[in-house]
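The structure appears below as structure tokens.
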Amino acid sequence: MQDTLPNPLNDVEVARLRADFPILGRSINGAPLTYLDSGATSQKPSCVYEAEQHFYENFNAAVHRGAHSLAVEATDIFEQARTTVAEFIGAKDNEVVWTSNATEALNLVTYSFGNASAGLGGDAAKRFALGVGDEIVVTELEHHANLIPWQQLAQRTGATLKYIPVDESGALRMDLAGDIITPATRILAFTHVSNVLGTVNDVAALVALARNVGALTVLDGCQSVPHLPVDVKSLDVDFMAFSGHKMLGPTGIGGLYGRAELLDAMPPFLTGGSMITSVSMESAQFLPSPMRFEAGTQRISQVHGLATAVSYLREVGMERIAGWEEYLGERMLTGLSSIDGVRVLGPGLGAARIGTAPFIIEGVHPHDVGQFLDSRGVAVRVGHHCAQPLHRALGVVSSTRASTYLYNTTSDIDALLNAVADVRGYFGVGK
Ligand SMILES: Cc1ncc(COP(=O)(O)O)c(C=O)c1O
């Protein structure tokens, strides 16, 4: 994709962007920082935390409460941020609910469905109620955040949890999906992009299978929204979770996209102030979405910071970011595959993926790999990456994962490759 774009990103332009990320100028253990752990959390451009500071210095007040000017201005900033983020993913304003992170967004859906299953929410919520005989389908690729909440929901309701397995390379067994998704399937929850392998799932095919049996679709957009152009309406999913801190935004803020007609019919997850129309000592009536799901004082500066991050991403251009990461990813995968003793996990180069490379080095534990790379200033993630079932399916306990973002350069990839090439020698393995 990189070469076919009219105006692709390149190292010179990325060097200019890097000036917006002061932390990238740091040195670690005497070497320049090579940050290849954006899959865990991204670095932030200074405009993001300056926006938060500007908010606190000029507008700080609780939103949707009080008639004083600061409260009105803070509410405008809060709701303008919702519009910015909604536009970014192709949603309407009332279809974006603020949460702490993607984990909370996914729990919101499962707890709401659990409440519907317990009879809360009246007739409108009956369509979300699950019970014995109903099926929830996930995939073997899932991050624990899109697996455990569904396990818990199945346990609470008596529904059955099924999954679409991966093959030995980690590719989703789409050939089996049509049999696993049946007329009893009520929910299909799956990740857009694997956080371990970086591979992009065929959303259209999976959504078509779900629609065919009338199941709702829940997409984990944690690793796609930061890296690829994502439009929820063309993806045609019912829900999508995302995390702000992985897309240049602050920690503590994420979101749930949901079709308005679904969100408005779902029972609330958290209850309390700011989400009601009327309350008696016995019961309460709830506002429509999104406030129905935004109980209590909100994360106002974080929301503003996230909207600033989104504006930054839009200015650079999501197509260009995706193209650049495709280039970096290919360089990383090709380079790693050519190093003796390195096994790259996941399907080969032809698969659609973001700039993420998981690998193991024969004879060296990933934690040792991580520490050695750190001694060269290279920051990567090691462990099971909150995806134990996937690692098990790949026949490994843990792995090392290098993951890129728009601010990585060709030299970052080369620093990784040079350091990886020295690992086995350092540990005296394979001599
Ligand atoms: C695919 C995927 N889903 C969900 C999550 C959970 O995100 P958070 O910890 O921000 O809630 C992550 C984080 O790594 C992820 O990569």
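Read the numbers this way: they start at 1 and go in the same order the structure lists the ligands and their atoms.
Look at Arg82 and Glu294 and you find a salt bridge, because one of the NZ, NE, NH1 or NH2 atoms lies within 4.0 Å of a carboxylate O, short of that distance. A salt bridge is defined here as a Lys NZ or Arg NE, NH1 or NH2 lying under 4.0 Å from an Asp or Glu carboxylate O, and Asp264 with Arg259 fails to meet this definition.
Asp20 meets the salt bridge (charged side-chain N to carboxylate O under 4.0 Å, His left out) test with no other residue; sequence neighbours excluded.
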Under 3.5 Å, N/O to N/O: give me all the pairs between ligand 1 and the protein, one per line with atom names and distance.
residue: ligand 1; atom: 3 (N); partner: Asp220; partner atom: OD1; Å: 3.3
residue: ligand 1; atom: 3 (N); partner: Asp220; partner atom: OD2; Å: 2.5
residue: ligand 1; atom: 10 (O); partner: Ser243; partner atom: OG; Å: 2.5
residue: ligand 1; atom: 10 (O); partner: His245; partner atom: NE2; Å: 2.7
residue: ligand 1; atom: 11 (O); partner: Ala102; partner atom: N; Å: 3.3
residue: ligand 1; atom: 11 (O); partner: Thr103; partner atom: N; Å: 2.8
residue: ligand 1; atom: 11 (O); partner: Thr103; partner atom: OG1; Å: 2.5
residue: ligand 1; atom: 14 (O); partner: His143; partner atom: NE2; Å: 3.4
residue: ligand 1; atom: 14 (O); partner: Lys246; partner atom: NZ; Å: 2.6
residue: ligand 1; atom: 16 (O); partner: Gln223; partner atom: NE2; Å: 2.7

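Heavy-atom minimum distance, Ile136 versus Ala159: CD1-CB, 4.2 Å. When every heavy atom of Tyr407 is checked against every heavy atom of Ser38, the shortest pair comes out as OH-OG, 2.6 Å. Between Tyr312 and Pro45, the closest heavy-atom pair is CE1-CB, 4.0 Å.
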